[in-house]
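I have placed the structure first, in the form of structure tokens, so that the comments after it can refer back to it.
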Amino acid sequence: MSWAKALEIYARTAPDTISKDVLLRFMDDTITIRDAYRKAMYHYLILPRLPSSLVSNPSQISSLKCLLSGDKEEALHVLQVLGKEAEVAKTDILEDMQKKHGFQWTVNIGFHAVPSMEHIHLHVVSSDLLSSALKNKKHYNSFSPKLGFFIHLSDVLSWLTEGASDSRLNINSAKYEPLLKTDLSCFKCDESFKRMPRLKEHLEDEWKKEKRHAVKENARKRQRGADGGEDMERAAKKHIGEKEVASLADGQ
DNA sequence: GTTCTAGAAC
DNA sequence: GTTCTAGAAC
């Protein structure tokens with residue numbers, strides 16, 4: 001099972017020796033890498049580096065399950081450090097989306113409930129799920145954002161904050177694994193699909209539809225902003241108060 | 001995690 | 001006949 005150790009090896013490798021094609025960024029305690037088989041247009045992984053000053057025992061960061069079964073303050077700290085890097089990656093992704101596609105769409109940040117690879121890794125993945133490497137039901141269901149197998153970081157943080165004894169902090173594989181076998185359905189519109197190729201066609205249609213709407217909406221907002229600018233000039237000439245000028249700019 | 005492929009589904 | 005899934009990989 002050497003493939004299962006691939007991420008842990010990255011975590012132990014000096015960042016300046018990792019290929020620039022793989023490594024996006026590194027900090028004292030984390031690295032951000034590209035997923036070797038991305039399952040969406042944007043798909044990065046945040047890993048804590050090893051050896052780690054983040055936890056008292058390195059085995060705590062072998063998985064989310066291990067992390068959450070140990071000291072809750074340490075767990076919260078690790079998740080906050082990983083989450084901060086995930087937000088940096090997300091900002092880069094949103095900027096690239098705008099530049100390359102003229103609009104921004106959802107970026108999800110979270111963990112697989114039952115990971116295939118050792119060493120805890122936080123996924124930062126765009127919600128299109130358009131990729132030639134997304135091939136089967138397990139791939140799709142593991143990133144389907146409302147199914148439950150993909151555990152959003154924000155949810156884990158709220159479980160930890162709401163109470164250190166929250167039962168949801170006990171990640172039970174037997175509870176999550178069956179979710180991967182769930183019948184295929186679009187996470188956006190809930191339409192059912194018998195087989196993957198049709199679902200993949202549909203996901204592409206959904207993304208194109210979202211793009212059309214977003215680009216149209218962006219244009220509408222820009223137009224409204226330009227109109228607001230004219231109104232502000234007019235208002236200035238009439239010497240009306242700042243509050244009224246502001247409300248005109250908001251399009252109210 | 002992927003690749004490969006037998007045989008099920010179309 | 002071809003497409004697609006799902007389980008083995010020593």
Side-chain angles (χ1 to χ4, degrees), chain A residues 1-13 15 17-24 26 30-50 58-68 82 85-86 89 93 107-145 147-153 156 171-187 191-206:
Chain A
M1 288 258 193
S2 65
W3 52 264
K5 295 270 189 196
L7 296 179
E8 189 190 316
I9 288 168
Y10 276 125
R12 291 185 183 280
T13 303
T17 67
I18 300 175
S19 164
K20 292 286 173 287
D21 294 337
V22 174
L23 185 77
L24 283 130
F26 70 92
T30 63
I31 58 170
T32 302
I33 61 174
R34 293 180 201 279
D35 191 295
Y37 297 87
R38 65 180 172 86
K39 301 301 188 297
M41 293 173 76
Y42 299 89
H43 187 180
Y44 304 153
L45 302 174
I46 318 293
L47 321 188
R49 288 173 63 188
L50 285 169
S59 72
Q60 288 172 271
I61 49 175
S62 62
S63 69
L64 179 68
K65 180 185 171 71
C66 284
L67 184 70
L68 296 181
L82 296 178
E85 288 307 299
I93 290 169
V107 174
N108 289 312
I109 296 172
F111 300 94
H112 280 161
V114 188
S116 297
M117 306 191 81
E118 295 171 23
H119 196 67
I120 192 168
H121 49 288
L122 181 59
H123 294 271
V124 181
V125 57
S126 56
S127 64
D128 49 272
L129 300 185
L130 296 179
S131 167
S132 58
L134 192 146
K135 295 178 175 178
N136 57 43
K137 180 183 275 190
K138 180 177 176 177
H139 290 156
Y140 176 74
N141 282 338
S142 73
F143 287 104
S144 191
L147 192 62
F149 188 90
F150 185 89
I151 302 179
H152 296 265
L153 174 62
V156 186
I171 306 284
N172 180 357
S173 301
K175 190 183 89 187
Y176 286 100
E177 262 164 354
L179 293 172
L180 295 174
K181 307 263 187 189
T182 307
D183 288 350
L184 296 173
S185 74
C186 172
F187 67 88
E191 184 177 347
S192 293
F193 294 86
K194 278 258 165 61
R195 305 170 90 179
M196 281 299 289
R198 292 290 166 269
L199 171 59
K200 284 170 66 75
E201 286 175 7
H202 175 82
L203 291 174
E204 194 168 344
D205 291 345
E206 286 282 12

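Naming convention: chains lettered A, B, ... in sequence-line order (proteins, then strands); numbering from 1 in each chain.
Nucleic acid contact for A/Lys137: none, since no nucleic acid atom lies under 4.0 Å from a heavy atom of the residue. Here A/His139 lies in heavy-atom contact (under 4.0 Å) with sugar-phosphate atoms only. Backbone-only contact: A/Pro197 has heavy atoms under 4.0 Å from sugar-phosphate atoms and none from a base. In this structure, A/Lys200 reaches neither bases nor backbone, as no heavy-atom distance under 4.0 Å exists between it and the strands shown. As judged by a 4.0 angstrom heavy-atom cut-off over every strand, A/Lys181 is placed among residues touching the sugar-phosphate backbone only.
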- Query: Given A/Ser131 and A/His43, is the side chain to side chain contact (heavy atoms under 4.5 Å, CB included) satisfied, shown in steps?
  - Reply: CA-CA 10 Å; A/Ser131 167; A/His43 187 180; over 6 Å; no

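The minimum heavy-atom distance linking A/Gly148 with A/Tyr176 is given by the pair O-CE2, 3.4 Å.
Separating the CG atom in A/Leu45 from the NE2 atom in A/His119 is a distance of 10.5 Å, to the nearest 0.5 Å. Note: A/Tyr140 OH to A/Phe193 CZ = 8.5 Å, rounded to the nearest 0.5 Å. Residue A/Thr182 holds its OG1 atom at 7.5 Å from NZ of A/Lys137, rounded to the nearest 0.5 Å. Rounding to the nearest 0.5 Å places NE2 of A/His121 at 10.0 Å from CG of A/Leu64.
Of the listed residues (A/Phe149, A/Phe143, A/Phe111), just one forms a ring-ring contact (aromatic ring centres under 6.0 Å, His included) with A/His123, and that residue is A/Phe143.
Mapping heavy-atom proximity under 4.0 Å, the span of DNA chain C touched by chain A runs 5' to 3' from C/dT3 to C/dG7.
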- Dot-bracket for DNA chain B, 5' to 3', counting Watson-Crick or G-U wobble pairs under 3.5 Å, with [ ] for crossing pairs and | for inter-strand pairs? .|||||||||

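Using a cut-off of 4.0 Å between Lys/Arg side-chain N and Asp/Glu carboxylate O, A/Arg12 and A/Glu8 are scored as salt-bridged.
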